[in-house]
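Notes for the one structure printed next.
Quick caveat, the model's predicted, so the values are computed rather than measured. The chains referred to below are lettered A, B, ... by the order of the sequence lines, with proteins before strands, and numbering in each begins at 1.
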Amino acid sequence: MKTILADLILSAARAVAPDVLLPPLSIDRCRDPRHGDFASNAALVLAKLVGRSPRGVAEALVALLPADDRVARVEIAGPGFINFTLSAGATLGTVLAVLQSGHGYGRSPAGSGARLQVEFVSANPTGPLHIGHGRGAAYGAALADVLEAAGHQVDREYYVNDAGRQMDILALSVWLRYLALGGQNPTFPPNAYQGSYVSDIARSLRERERERFDVPVCGTLLEAPVPDDEREEYLDALIEHARMSLGSAGWRIVHAAGLDTILDDIRADLHEFGVEFQSWFSERSLTDSGAVDRAIERLEASGHLYRKEGALWFRSSIFGDEKDRVVERENGQRTYFASDIAYHAQKLERGYDRVIDVWGADHHGYIPRVKAALTALGFDAERLEIQLVQFATLYRGGQRAQMSTRSGEFVTLRELREEVGNDAARYFYVMRRSDQHLDFDLDLATSQSSDNPVYYAQYAYARICSVFRQWQEANPGLAWSPPAQLEALSPLVEPEELALITELARYPEVVASAARAREPHQIANFLREASAALHAWYNNHKFLGVSPDGLEVARLTLAAATRQVLANALHLLGVGTPERM
RNA sequence: GUCCCGGUAGCUCAGCUGGAUAGAGCGUUCGCCUCCUAAGCGGAAGGUCGGCGGUUCGAAUCCGCCCCGGGACGCCA
């Protein structure tokens, strides 16, 4: 409808100002229903260009506006806005359009947009997902679904950091716990993984492999803690020691015990959360396939690398980064950044029009160096888009529910899901802009009242279901179906009904806008507003057994259309649609 | 110090590619169930949109400077 009106106003504008290069003219929904359905600022924008008063331009535009039976009234208001009021037919047509499109209402035709990849969560498989990862999961999943609804082809990917130092530290942690279970008592470094899940993994490793990895530990392993500034070097030395003690085959098994267990747990956790991926991309596969070597060689060949103090540096500063970055450490190990260069290059080579990475906001400083690397490799860095997600803070009883990563006792996503349920968790995570801190109110998320926005929307859906259940009881054996003729909806004249229809009509615009801005929270806002319109209508008017005859059919049809739109919006956020509450 | 993100009602936040009288929820307060789910609805009070300049017919929105809060600045990931 918006584009129809835009075309009308554009053709009038061309006639009014034939010699002028037209600036963009906007058509927006009116905030105040008394103004009509849509408003255009065309006269205000054109006034100066054609040297006439805004109201004068508006009058000329209106006079030249092509007739259209979808427009009932055109008025000039305020400083020169042109307000459109839709005809009853155009308004009521939305209701039938919703029911005809069903699940597809609000969706653009598939394939009309670009081919996209959304990479999200991608947490290191060194421990269970925590509440910060949860927000990335909920945001990424909703974003991907919204983009898909807007017509894009979307692949969802989890980048598995299964190589590198952090995984080695995990393997070491598992082995040390394993040794402790075998009666030895090596010192457990404070910067190794402390969580109790590490001991669980060690226990099942021992059950499966018995004493196979019980290597007598050397003296240094039993020594007192090292000074703080040598802790990392000490950890690296311990890893080296473990590798040698266990041999490469043994080390691989311990390594895999940690990785597989935790990755399985993450997969299950996300699956239960309603978050699915098309691919789980292994970092190690980049190393194994030589992709990292090739990326480094390409940078080397194009003169973007240099040696300094034993390390290999990428000259990212000439591409806008603050300073140059190390890709290969002094000890010969590649940095995380090295595989990330290869990974992103590889993603762009896969042919996506655009690759969207969802990162924790603490990684924002990382953006310039990745883009620098892509530019250096000859890619258009604009094809990589980073969406940052701020962390969430939990509140319980008005108090901050503190999490401490140091002790390994942090709040996991699973614990949160168990406390508030998947629906509330999914909704709360995305109801605010993702790039802003989120105060997650646990009490509110579990409260069964209209204060709770999830219940508020789900209750609107359930109420409609309840009405239809009762219609069915009164009409046993009949199957409800919407009327085929628009005239059947003409009894819908109440202000609450027209307001609700307006909500249904703007849903496709909301989906498109949320996709364009990468802001699923717009869907959450819409759900609140559409639910409010339903509740207001429900409280003031009865649906069943009303007279005259056609009124019940008309109201049930609007109710059915509303239920459809609520369901479509809730699905986009991964929130369930309970038929009774 | 450099960079990023914020500052809108008592609280939590929408609104930000400029548009009409700045919105929602909570909280406060006054009402509404013999009626399809009160897990709901309606009314009232509550604002210098951090400050000062600028651009514009028009600024919460764009630009500049300043104040305040949070975060990032490793041969970690």
Side-chain angles (χ1 to χ4, degrees), chain A residues 24 26 28 30-32 34-35 39-41 44-45 47-48 53-54 77-81 83 122-124 126 161 164-167 169 191 232 283 308-313 322-323 325-337 339-340 360-368 388 390-391 395 398 431-433 435-441 444 447-460 462-471 473-474 496 516-517 519 521-522 524-525 528-529 531-532 534-546 555-556 559 580-581:
Chain A
S26 75
D28 289 305
C30 297
R31 271 187 231 159
D32 188 338
R34 285 172 305 184
H35 292 142
S40 172
N41 67 349
L44 297 164
V45 173
K48 195 168 191 182
S53 75
F81 288 102
N83 292 336
S122 299
N124 280 343
T126 52
N161 293 116
R165 185 162 175 270
Q166 293 304 315
M167 285 310 303
I169 296 172
N191 47 345
E232 298 303 320
E283 177 188 2
K308 191 179 86 180
E309 295 161 9
L312 193 59
W313 296 70
E322 283 180 4
K323 54 189 211 177
R325 309 289 175 176
V326 171
V327 292
E328 191 181 289
R329 295 203 274 162
E330 202 176 352
N331 64 10
Q333 277 193 333
R334 293 275 164 71
T335 59
Y336 172 88
F337 180 43
S339 15
D340 231 22
D362 54 336
H363 285 61
H364 81 82
Y366 205 76
I367 298 171
L388 297 177
Q390 292 280 358
F391 286 131
Y395 282 82
M431 73 180 178
R432 302 290 183 225
R433 293 177 62 96
D435 59 354
Q436 292 195 25
H437 288 283
L438 172 71
D439 286 342
F440 195 122
D441 185 336
L444 181 61
S447 82
Q448 304 207 341
S449 75
S450 60
D451 307 354
N452 184 339
V454 191
Y455 281 94
Y456 188 75
Q458 289 183 322
Y459 181 46
R463 268 184 152 176
I464 299 170
C465 292
S466 173
V467 169
F468 277 95
R469 274 196 301 275
Q470 291 178 48
W471 179 88
E473 281 172 25
E496 293 92 343
R516 193 179 337 108
E519 292 179 349
H521 78 270
Q522 291 188 22
N525 288 345
R528 181 177 40 70
E529 285 153 9
S531 304
L534 182 279
H535 288 309
W537 180 43
Y538 183 98
N539 268 308
N540 284 299
H541 304 284
K542 273 181 68 73
F543 306 163
L544 296 173
V546 288
R555 287 189 172 165
L556 286 176
R580 56 180 89 223
M581 293 172 73

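For B:A77, the base has a donor-acceptor partner in the side chain of A:His363 [N/O atoms by modelled type, under 3.5 angstrom]. For a distance-only test at 3.5 Å, the side chain of A:Asn83 qualifies as a donor-acceptor partner of the base of B:A20. The base of B:G71 has none of its N or O atoms less than 3.5 Å from a complementary donor or acceptor on the side chain of A:Asp362. A:Arg31 contributes no side-chain N or O that forms a donor-acceptor pair with the base of B:U21 under 3.5 Å.
Backbone-only contact: A:Asp439 has heavy atoms under 4.0 Å from sugar-phosphate atoms and none from a base. Within the nucleic acid shown, A:Arg516 comes within 4.0 Å of at least one base atom, counting heavy atoms only. A:Val45 comes within contact range of at least one nucleobase, with a heavy-atom separation under 4.0 Å. Using a 4.0 Å heavy-atom cutoff across all strands shown, A:Ala39 reaches at least one base atom of the nucleic acid. Among the atoms of the strands shown, none is found under 4.0 Å from any heavy atom of A:Ala361. Among the protein residues, A:His364 comes within range of the nucleic acid bases, having at least one heavy atom under 4.0 Å from a base atom. Within 4.0 Å (heavy atoms only), A:Gln458 reaches no atom of the nucleic acid at all.
OP1 and OP2 of B:C26 both lie 4.0 Å or more from every side-chain N or O belonging to A:Tyr456. Between A:Arg329 and the phosphate of B:G74, there is no side-chain N or O to OP1/OP2 separation shorter than 4.0 Å. For the OP1/OP2 pair of B:C4 and a distance below 4.0 Å, the side-chain nitrogens and oxygens of A:His437 include no atom meeting the criterion. Note on A:Gln390: every side-chain N or O is 4.0 Å or more away from OP1 and OP2 of B:C4.
Residue A:Tyr455 places its side chain closer to B:A39 than to any other of B:C75, B:A39, B:A14. Across B:C75, B:U17, B:U12, the shortest atom-to-atom separation from the side chain of A:Arg432 is found for B:U12. Side-chain proximity of A:Ala536 to the nucleotides B:G19, B:G42, B:A77 is greatest for B:G42. Distance from the side chain of A:Arg165 is smallest for B:C76 among the nucleotides B:C76, B:U12, B:U2.
Taking atom CD of residue A:Glu309 and atom P of nucleotide B:C75, one finds them 10 Å apart after rounding to whole Å. In this structure, the CG atom of A:Asp32 is 13 Å from the C1' atom of B:G23, given to the nearest Å. Atom pair A:Leu544:CG and B:C36:P shows a separation of 10 Å (rounding to whole Å applied). If you take NE2 of A:His535 and P of B:C41, they are 5 Å apart, rounded to a whole angstrom. Atom P of nucleotide B:G71 and atom CG of A:Asp435 are separated by 16 Å, given to the nearest angstrom. Rounded to an integer number of Å, the gap from A:Tyr395 OH to B:U12 C1' is 10 Å. Between the CG atom of A:Asn525 and the C1' atom of B:C13 there is a distance of 9 Å, rounded to whole Å. If you measure from atom CZ of A:Arg463 to atom P of B:C41, you get 7 Å, rounded to the nearest angstrom.
No aromatic stack links A:Phe81 and the base of B:G19, using centre distance under 5.5 Å and interplanar angle under 30°.
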Verdict with supporting geometry, A:Glu519 and A:Arg433, side chain to side chain contact (heavy atoms under 4.5 Å, CB included):
CA-CA 7 Å; A:Glu519 292 179 349; A:Arg433 293 177 62 96; 3.2 Å; yes
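The nucleotide B:C73 finds its pairing partner in B:G1, both defining distances of the Watson-Crick or G-U wobble pair being shorter than 3.5 Å.
The 5' end of RNA chain B is approached more closely, in terms of each residue's nearest nucleotide, by A:Asn539 than by the other of A:Glu328 and A:Asn539.
You'll find the side chain of A:Leu388 stays beyond 4.5 Å of the side chain of A:Asp362, heavy atoms only.
Under a 3.5 Å cut-off, the side chain of A:Arg555 and the backbone N or O of A:Lys542 do form a donor-acceptor pair.
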